[in-house]
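Sharing a structure here in structure tokens format.
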Amino acid sequence: MILPVHALVRRRLQQTLAETFGLQEADQPAIAIEMPPRRALGDLAVPVAFELARRLRKAPRAIAQELTTALGTIPGVARIEAAPNGYLNFFLDRRSFMLDRLRGAAPAAAPPLAGKVIVEHTAINPNKAAHIGHLRNSALGDTLVRLLRYQGRPVEVQNYIDDTGVQVADVVLGFTQLEGRDLAGVQALANDPAVRFDYYCWDLYAKVTEWYEGDATRLQARAHAMHAIEEGGNALAGMGAFVADRIVRCHLRTMARLNVDYDLLTWEGDILRLRFWAKAFEELKALGAVFLQTEGKLAGCWVMKIEEPAGAADAVPAEGETARDAEPAEAEREKVIVRSNGTVTYVGKDIANQLWKFGLLGRDFFYRVFDDRGGRPLWATTSTPPAGGAAPPPFGKAAAVYNVIDSRQAYLQQLLKQSLGTMGFPGQAERSTHFAYEMVALSHATARELGYADTESSGKPFVEVSGRKGLGVKADDLLDRLIATATAEVMQRQPELPAADARVTAEAIAVAAVRYFLVKFSRGKVIAFDIQEALSFEGETGPYVQYAVVRANNIFGKLRERDGLDGTGVIAALASLPPTALTEGDEADELWGLVLEASRLDELADSAIRALEISQLAKFAFTLAQAFNTFYHRQPIMREERADVRLWRAGAVEYCRQQLTTALGLMGCSVPTRM
RNA sequence: GCGCCCGUAGCUCAGUUGGAUAGAGCGUUGGCCUCCGAAGCCAAAGGUCGCAGGUUCGAAUCCUGCCGGGCGCACCA
């Protein structure tokens, strides 16, 4: 926990700049606090003197030197040095820093921002099994949720279920048109223990796509089915509801395997049935934000004008092209909100949903318990008042909203934000964040392994996953393979371990492998998923981090066995020990470096949230595990004979394992007892 | 055509609101298990940070223009 130290140092610098240089806080540059490249230079570095050099007409070094003396003493800071190049370097009081952290006595970080945060993630169309692309969404979203909660913010996790969209309609048509099933037939299929219903729908969905391609008039059947499902109260709608319910339950089981869960399932059908959209539509019409288009190809549709980014609207035509040649639609783009057949597009429904999330709609859902989850009810929205039962917690009315959706939908998210602003809620628009990330594609090797020949001839660097074509790695298949591989590894290393325990361990390893893999890349990068790469448990992987903690835990197992010492025993013993092993010599510097690095979890968590870069958390955990492994090899604990040295090292191991366990937990990963 | 994203070592990627000598993993080569677990550690080799300008005391990072790649610009979501 280093942020409280940052806050203290920053505050003292601001005071000193005001007192010594007469710079009021408003005129001061932002004070960045960095880590020096080498520990010998200091523990914290502040480059503020460079910033001030011009304004004060002095050399950075002179400013740094003045600051050094003017700052005086700061609690917890042993000394301050002005580096020859102008850096201001802070050396912390190692003993008190480490003891405070071990005791958990470090002052709390800045109080978290007030108000509930809603994070919406996963949102898989409920018409087929989850695949690797969906997993990236869930892993990023769930980790964001855990990070926000770690910061002390109240978070509500929502999973949006698009049960009235075209994709459910497609599968319903597959059942009725291709297979001639009625509702009872689909129910029988779903209840057949030999059938994996989500896998079955996966294949059926791909067949429906081919069926459409066979005859363009079949698209009319699709439009009809969609309309029927939206209307409700008919056979197609009944089947759609059944399919969506069953597939959602499949998705929840898959996600539970990865330690991902939710507070509320928001069903799109309820938004329609409760006329959320009708309410939002009235307001949008009254504001003139949407209007009925009477001419052109969009005649008969209710449309919304799209705000062009600044400068784009009045762009001059390219040379050789006159303004007359340009499409009129280019100048004033319109997005269809209500189709000419009267159905509402996704954007329309989601505008209503966004308003509800912020408590701006003036209407609420009814709620039902969707799943018991062993005493932790999972709630879902519903359209009718429930007969009785427990009262739901207060949902919605958030201060801020994160929508975790891949960047291909950036355009729609932009519209959503825009409409919030248009409707008179610029503050909420500002606090509505699209957490955008790039898609997961497949490497050519993995596509080939899945039976897709000759994907290289496309000339593209990767193969795009396509649910429509049934092309992709199913989440459960991937997990099964990872568990099988991990089980083999565990049994090889721990032959005496009972099979059931080996399985539990393998599951923990598999989850860490896949979750770490999905968050280690920065979000702007397309992941070309390669199954062989993902099956690795070595190098920069989740299992590497787990392994470091297992080793640390083993040390304490042995300490307890031999010396009767546990974590708290070590901490108690350290209080009366001279700190030489922490303060003098190369080994002490290395020990201290490990403790300081471990303390940065809160700093990295904060940074990861601000930048929406979960990869920073992953990188932190890996780097710390690496530092621990180096320390582990160089500075033994059990066989160290000097008692004080042994205990200080044990203290470092204790803090390290705590921080690494927390970091893994933030990524939804656990630590096996052995592996 | 317009918008967004990406371009850093053979491959896959980090690089913290511009800061000290550009770092990992994989792969390659060579070492380390009578010693807290080798899913590990140590070492070596490997980079005109796509190109060209500009801003700055300082640029992989910011700006402009190119080049290459991806994704969007549906009465799908």
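The figures here come from the full heavy-atom set of this structure, side chains too, leaving out hydrogens, waters and symmetry mates. Owing to the predicted nature of the structure, the values given are computational and were not obtained by experimental measurement. Within every chain, numbering begins at 1; the chains are lettered A, B, ... in the order of the sequence lines, protein sequences first and strands thereafter.
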All ring pair (Phe, Tyr, Trp, His ring centres under 6.0 Å) counterparts of Tyr544(A), not counting sequence neighbours: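 Listed in chain order: Phe622(A).
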Pair of N/O donor and acceptor under 3.5 Å linking rC71(B) base with Ser407(A) side chain: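 It does not, because no donor-acceptor pair links the side chain of Ser407(A) to the base of rC71(B) below 3.5 Å.
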Sugar-phosphate, base or nothing in reach of Phe521(A), heavy atoms under 4.0 Å: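 Sugar-phosphate only.
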Distance below 4.0 Å between Tyr544(A) side-chain N/O and rC41(B) OP1 or OP2: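 Answer is yes, contact under 4.0 Å.
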Strand contacts (RNA chain B) in residues 529-538 of chain A, 4.0 angstrom heavy-atom criterion: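 Within residues 529-538 of chain A, the residues near RNA chain B are Glu533(A), Phe537(A), Glu538(A).
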Inter-nucleotide C1' distance (rA9(B), rG3(B)), Å rounded: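 rA9(B) and rG3(B) have their C1' atoms separated by 33 Å.
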Ring pair (Phe, Tyr, Trp, His ring centres under 6.0 Å) involving Phe281(A) - partner list, sequence neighbours excluded: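 Partners of Phe281(A) by the ring pair (Phe, Tyr, Trp, His ring centres under 6.0 Å) criterion, ordered by chain and then number, come out as Trp277(A), Trp302(A).
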Below 4.0 Å: OP1/OP2 of rG25(B) and any side-chain N or O of Gln626(A):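 Answer yes for this pair, as a side-chain N or O of Gln626(A) is under 4.0 Å from OP1 or OP2.
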RNA chain B: 5'-proximal contact among Val490(A) and Pro36(A) (nearest heavy atom):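 This one resolves to Pro36(A).
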Heavy-atom closest contact (Gly524(A) atom, Glu438(A) atom, distance):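 Here Gly524(A) and Glu438(A) meet closest at O-CG, 3.3 Å.
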Donor-acceptor pair (no angle test) under 3.5 Å: Arg610(A) side chain, rU17(B) base: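 It does not, because no donor-acceptor pair links the side chain of Arg610(A) to the base of rU17(B) below 3.5 Å.
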Euclidean distance for C1', rG58(B) against rG65(B) (whole angstrom):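 Taking atom C1' in both rG58(B) and rG65(B), they lie 24 Å apart.
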Lys/Arg cation over aromatic Tyr205(A): Arg468(A), 6.0 Å, 45° cone: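 No; the conditions do not both hold, so Arg468(A) does not lie above the ring face of Tyr205(A).
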For Asp163(A), salt bridge (charged side-chain N to carboxylate O under 4.0 Å, His left out) partners two or more places apart: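 Salt bridge (charged side-chain N to carboxylate O under 4.0 Å, His left out) check on Asp163(A) returns nothing, list empty.
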Which residues share a side chain to side chain contact (heavy atoms under 4.5 Å, CB included) with Gln532(A), sequence neighbours left out: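 Side chain to side chain contact (heavy atoms under 4.5 Å, CB included) check on Gln532(A) returns Glu449(A), Arg481(A), Asp530(A), Leu535(A).
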Any Lys520(A) side-chain nitrogen or oxygen under 4.0 Å from OP1 or OP2 of rU12(B):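 No.
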Under-3.5 Å donor-acceptor pair between Asn85(A) side chain and rA20(B) base: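 By the distance-only test, yes, there is a pair.
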What nitrogen or oxygen pairs link the protein and nucleotides 29-33 of chain B at under 3.5 Å?
none

rU17(B) versus rU21(B) - spacing of their C1' atoms, nearest Å: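 Those two atoms are separated by 24 Å.
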Integer angstrom distance from the P of rA38(B) to that of rC71(B):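 Their P atoms lie roughly 46 Å apart.
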Side-chain N,O (Tyr547(A)) to OP1/OP2 (rA39(B)) below 4.0 Å: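 Affirmative; the distance criterion is met.
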Contacts of type salt bridge (charged side-chain N to carboxylate O under 4.0 Å, His left out), residue Lys619(A), not counting sequence neighbours: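 For Lys619(A), the residues satisfying salt bridge (charged side-chain N to carboxylate O under 4.0 Å, His left out) (neighbours in sequence not counted) are Glu540(A).
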Derivation of the salt bridge (Lys or Arg N to Asp or Glu O under 4.0 Å) call for Glu603(A) and Arg600(A): CA-CA 5 Å; Glu603(A) 179 190 345; Arg600(A) 298 182 66 206; 3.0 Å; yes
Stacked cation flag Arg551(A) on Tyr632(A), 6.0 angstrom / 45 deg: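 Yes - Arg551(A) lies over the ring of Tyr632(A), closer than 6.0 Å to its centre and within 45° of its axis.
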Pro636(A): side chain to side chain contact (heavy atoms under 4.5 Å, CB included) partners, not counting sequence neighbours: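 Here the qualifying residues are Arg639(A), Arg649(A).
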Sugar-phosphate only, base, or nothing, as touched by Glu613(A) at under 4.0 Å among non-hydrogen atoms: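 Touches nothing.
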Presence of Arg493(A) side-chain N/O under 4.0 Å of rA39(B) phosphate oxygens OP1/OP2: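 Yes, Arg493(A) has a side-chain N/O under 4.0 Å of OP1/OP2 on rA39(B).
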Partner set under side chain to side chain contact (heavy atoms under 4.5 Å, CB included) for Phe537(A), not counting sequence neighbours: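 Testing Phe537(A) for side chain to side chain contact (heavy atoms under 4.5 Å, CB included), a comparison that skips the adjacent residues, returns Leu482(A), Thr485(A), Ala486(A), Glu489(A), Ile509(A), Ala513(A), Pro543(A).
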Same-atom distance (C1') from rG40(B) to rC33(B), integer angstrom: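 After rounding to an integer number of Å, I get 10 Å for this pair.
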N or O in side chain of Thr630(A) less than 4.0 angstrom from rC42(B) OP1/OP2: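 Yes, such a contact exists.
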Within residues 625-637 of chain A or reaching into it, pairs that qualify as salt bridge (charged side-chain N to carboxylate O under 4.0 Å, His left out) - sequence neighbours excluded: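 As it turns out, the salt bridge (charged side-chain N to carboxylate O under 4.0 Å, His left out) pairs with a partner in residues 625-637 of chain A, which skip direct neighbours, are Glu590(A)-Arg634(A).
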Touch class at under 4.0 angstrom, heavy-atom based, for Asn629(A) against every strand present: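 Asn629(A): backbone/sugar contact only, no base atoms under 4.0 Å.
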Sugar-phosphate only, base, or nothing, as touched by Gln414(A) at under 4.0 Å among non-hydrogen atoms: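 Counting heavy atoms under 4.0 Å across all strands, no contact is made by Gln414(A).
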Touch class at under 4.0 angstrom, heavy-atom based, for Arg562(A) against every strand present: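 Since no nucleic acid heavy atom lies under 4.0 Å of Arg562(A), the category is nothing.
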Structure string for RNA chain B in dot-bracket form, Watson-Crick and G-U at under 3.5 Å, | interchain: (((((((..((((.....[...)))).(((((.......))))).....(((((..]....))))))))))))....
Any Thr446(A) side-chain heavy atom under 4.5 Å of Glu533(A) side chain: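 Thr446(A) does not reach Glu533(A) side chain to side chain.
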Any residue meeting side chain to side chain contact (heavy atoms under 4.5 Å, CB included) with Thr343(A), in chain and number order, not counting sequence neighbours: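 Result, side chain to side chain contact (heavy atoms under 4.5 Å, CB included) vs Thr343(A): His227(A), Glu230(A), Arg339(A), Asn341(A).
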In rC33(B), glycosidic geometry as syn within 90° of 0 or anti otherwise: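 Syn for rC33(B); the angle stays within 90° of 0.
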rU12(B) and rG46(B), which share atom name C1', separated by this distance in whole Å: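 15 Å, rounded to whole Å.
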Distance test, side-chain N/O of Lys525(A) to OP1/OP2 of rG70(B), below 4.0 Å: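 Lys525(A) to rG70(B) OP1/OP2: no side-chain N or O under 4.0 Å.
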rG30(B) versus rA45(B) - spacing of their C1' atoms, nearest Å: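 Those two atoms are separated by 11 Å.
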N or O in side chain of Arg408(A) less than 4.0 angstrom from rC5(B) OP1/OP2: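 So the side-chain polar atoms of Arg408(A) never come under 4.0 Å of the phosphate oxygens OP1 or OP2 of rC5(B).
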Separation of the C1' atoms in rA59(B) and rG69(B), to the nearest angstrom: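 Rounded to whole Å, the distance is 24 Å.
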Sugar-phosphate only, base, or nothing, as touched by Asn89(A) at under 4.0 Å among non-hydrogen atoms: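 Asn89(A): base contact, heavy atoms under 4.0 Å.
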